[in-house]
Amino acid sequence: MTGRNRHKKWLYASLIGLLGLCSCGSPSSDYMDSAPNSAQEQNQAASGVSWADLTYTGSMELSYAENFSVDEYEDGYKLLTTMDATQLFVVPEGAAVPEDLPEDIIVIQQPVQNLYLVASAAMDMFCSLDALDTIRFSGQKEENWYIEAAKDAMAAGDILYAGKYSMPDYELLVSEGCSLAIENRMITHSPEVVEMLESFDIPVMIEYSSYESHPLGRVEWVKFYGALIGKEELAEQVFKEQEAILDQVSANENTGKTVAFFYITSNGLVQIRQSSDYIPKMIELAGGHYIFEDAKDGDSARSTMNLQAEEFYDGAKDADYLIYNSSIDGGVVSVEELLEKCEVLRDFKAVQDGNVWCTTNDMYQESMAIGYLLQDFHAMLTGKDESNMKYLFHLE
């Protein structure tokens with residue numbers, strides 16, 4: 001037996017022992033003695049509702065998202081499917097779980113609660129749906145959130161830190177009755193974690209909003225979560241608000257201005273976005289032109305690639321605008337501070353013309369604000385008032 005397997009066996013036995021000490025009426029005891037499964041079986045037997053006999057009524061209409069679907073059935077049942085073929089069957093509150101449901105389908109009973117949210121991009125979507133009360137566990141610590149509502153919920157103890165994706169607090173998740181782990185793609189590097197979670201009857205899904213080719217495809221994942229928790233109408237409303245911004249911005253004439261979006265790594269390399277990434281797409285939608293239009297790193301699924309400073313100079317020295325990505329190092333507050341990171345930038349056209357910008361730190365966590373970032377890009381490219389910008393600021 002390997003060390004990993006011995007550890008898993010020990011951890012499993014320890015948790016079972018710990019939870020066995022709980023009173024019979026406690027949530028953790030109910031969770032581990034398979035009471036929900038027994039209740040589900042009794043419910044199925046009494047209801048006569050059959051999976052095979054459910055009437056399909058249609059599918060949710062999606063405008064941009066390609067990595068999930070929502071199929072709708074009579075009486076409010078829904079089947080959510082993600083790009084890796086994971087399926088979640090959503091059962092309305094008070095309704096029975098159908099008989100003969102395929103074993104590989106995850107059953108989610110509304111009202112949804114006790115979610116373990118590791119995919120940080122989804123937090124803003126839950127906030128926009130006024131649904132933080134469905135999240136009990138976070139894969140981010142309080143101090144790592146830029147979303148104030150998430151920070152406040154963790155400070156109040158309403159959301160608990162349950163460990164990052166590769167080291168979840170199994171004891172906490174089990175004892176508090178975690179209903180679903182919403183992971184990001186990084187979990188594929190830790191398959192043993194998925195195995196352990198599932199061994200404790202905690203189902204796992206991967207959130208693929210970051211794999212959407214269109215920026216608003218990312219935002220449209222709010223409809224997925226709206227279907228999950230029963231707030232489809234609100235999800236449609238908040239999505240339409242962002243879509244309206246795109247319609248307004250994209251209706252304007254292309255400026256022809258070129259933009260370089262980058263970050264200076266700790267070892268002096270320049271990290272740019274691959275041309276297939278959503279940031280270059282947003283620049284194009286806002287009326288600009290991403291200067292590294294042919295930036296592709298073979299078959300890599302990564303959204304970024306690294307260049308030597310000299311390569312970046314050759315490709316971007318004549319860009320009309322430079323935008324520094326602050327998401328990793330916290331950003332810079334002046335052009336001089338940026339030049340301290342990379343002296344070769346001093347000769348760039350954008351530096352000499354005073355067209356250097358920086359993103360705010362919260363840009364990536366606030367996934368429902370893509371429309372506003374589009375507005376900021378457009379305002380920058382067209383010379384509009386920067387005082388109304390939300391996620392970009394001018395470097396002096």
Side-chain angles (χ1 to χ4, degrees), residues 51 56 59-73 77-91 101-109 112 114-126 134-135 137-140 162-168 170 173 178-229 232 235 239 274 276-278 281 297-304 364 367:
W51 162 252
Y56 168 77
S59 297
M60 178 181 288
E61 183 178 346
L62 300 174
S63 301
Y64 302 96
E66 299 175 341
N67 293 325
F68 78 89
S69 63
V70 177
D71 294 327
E72 299 160 343
Y73 295 81
Y77 292 100
K78 294 183 288 287
L79 183 65
L80 283 57
T81 306
T82 64
M83 65 175 285
D84 63 5
T86 297
Q87 293 187 302
L88 289 76
F89 187 72
V90 180
V91 180
L101 195 68
E103 292 184 0
D104 58 346
I105 292 180
I106 299 168
V107 176
I108 302 294
Q109 183 88 51
V112 176
N114 293 342
L115 297 173
Y116 172 33
L117 186 60
V118 182
S120 57
M123 180 64 82
D124 198 30
M125 299 183 190
F126 280 91
T134 64
I135 300 171
F137 314 99
S138 168
Q140 293 269 13
K164 63 180 183 178
Y165 77 95
S166 59
M167 297 182 63
Y170 298 108
L173 294 171
C178 177
S179 61
L180 174 69
I182 302 176
E183 303 277 355
N184 57 40
R185 190 71 167 76
M186 292 297 292
I187 195 63
T188 59
H189 300 297
S190 300
E192 71 280 2
V193 172
V194 176
E195 181 183 345
M196 183 67 83
L197 288 169
E198 292 178 342
S199 74
F200 293 128
D201 292 332
I202 299 174
V204 176
M205 65 156 281
I206 296 176
E207 209 263 8
Y208 287 103
S209 65
S210 64
Y211 282 72
E212 297 293 346
S213 58
H214 194 285
L216 282 189
R218 293 174 168 238
V219 177
E220 201 161 21
W221 271 75
V222 72
K223 295 183 183 180
F224 178 95
Y225 297 111
L228 180 71
I229 64 178
E232 291 93 337
F239 173 73
Q274 295 205 48
S276 58
D277 180 61
Y278 81 109
K281 179 66 173 177
D297 187 11
D299 297 326
S300 172
R302 295 183 59 191
S303 61
T304 62
Y364 288 99
S367 54

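Quick caveat: nothing in here was measured; it's all calculated off a predicted structure.
The distance from atom CG of N184 to atom CD1 of I182, rounded to the nearest 0.5 Å, is 11.5 Å. From L228, atom CG reaches atom CG of L88 across 6.5 Å, with rounding to the nearest 0.5 Å. A distance of 4.5 Å separates CG in L117 from CD1 in I135, rounded to the nearest 0.5 Å. The CG atom of L62 sits 10.5 Å away from atom CG of N67, with the distance rounded to the nearest 0.5 Å. Interatomic distance, OG of S179 versus CD1 of I202, reported as 9.0 Å (0.5 Å rounding). Atoms CD1 and CG, from I108 and L115 in turn, are 7.5 Å apart once rounded to the nearest 0.5 Å.
Here the side chain of S190 pairs no donor or acceptor atom with the backbone of E192 at under 3.5 angstrom.
The shortest side-chain heavy-atom distance between E183 and M205 does not fall under the 4.5 Å cut-off. Between E232 and V70, every side-chain heavy-atom pair lies at or beyond the 4.5 Å cut-off. Side-chain contact between L80 and Q87 is absent, with no heavy-atom pair separated by less than 4.5 Å.
The side-chain hydrogen bond (donor to acceptor under 3.5 Å, both in side chains) test applied to D124 returns no partner, not counting sequence neighbours. Checked against side chain to side chain contact (heavy atoms under 4.5 Å, CB included), S276 has the following partners two or more places apart in sequence or in another chain: Q274. When the side-chain hydrogen bond (donor to acceptor under 3.5 Å, both in side chains) test is applied to S166, no partner is found at least two apart in sequence or on another chain. The side-chain hydrogen bond (donor to acceptor under 3.5 Å, both in side chains) search around N114 returns none, not counting sequence neighbours. Taking the salt bridge (charged side-chain N to carboxylate O under 4.0 Å, His left out) definition, one finds that K164 meets it with nothing, sequence neighbours left out. The side chain to side chain contact (heavy atoms under 4.5 Å, CB included) search around S59 returns Y56, D71, not counting sequence neighbours. Not a single side-chain hydrogen bond (donor to acceptor under 3.5 Å, both in side chains) links Y77 to another residue, sequence neighbours left out. Residues passing the ring-ring contact (aromatic ring centres under 6.0 Å, His included) test with Y165, sequence neighbours excluded: none. Under the rule for a side chain to side chain contact (heavy atoms under 4.5 Å, CB included), the partners of V194 that lie at least two apart in sequence or sit in another chain are I187, E198, V204.
Contact between E66 and S213 at its shortest, heavy atoms only, is OE1-OG, 3.8 Å. Nearest heavy-atom pair, S138 versus Q140, reported as atom, atom and distance to 0.1 Å: OG-O, 2.7 Å. Considering every non-hydrogen atom in both A181 and L197, the closest pair reads CB-CD1, 4.2 Å.
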(request) Mind running side-chain contact (heavy atoms from CB on, under 4.5 Å) on Y116 and L173 for me, showing each step along the way? (result) CA-CA 8 Å; Y116 172 33; L173 294 171; 3.8 Å; yes
(request) Let me see the working for I206 and T82 under side-chain contact (heavy atoms from CB on, under 4.5 Å), right down to the final yes or no. (result) CA-CA 8 Å; I206 296 176; T82 64; over 6 Å; no
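Other residues, nucleotides and ligands place no more than 12 heavy atoms under 6.0 Å from the CE atom of M167. With a 6.0 Å radius and a threshold of 12 heavy atoms from other residues, nucleotides or ligands, K78 has its NZ atom above the threshold.
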Under 3.5 Å, sequence neighbours excluded: what are the donor-acceptor pairs made by side chains of residues 218-227?
residue	atom	partner	partner atom	Å
R218	NH2	S210	O	3.1
E220	OE1	S63	N	3.2
E220	OE1	Y64	N	2.6
E220	OE1	A65	N	2.8
E220	OE2	S63	N	2.7
E220	OE2	K223	NZ	2.9
W221	NE1	E212	OE2	2.9
K223	NZ	E61	O	3.4
K223	NZ	E236	OE1	3.3
Y225	OH	E207	OE2	3.3

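Using modelled atom types, one finds a donor on one side chain and an acceptor on the other under 3.5 Å when comparing Y208 with D84.
Between Y73 and W51, the ring planes lie tilted relative to each other; the angle falls in the 30° to 60° range.
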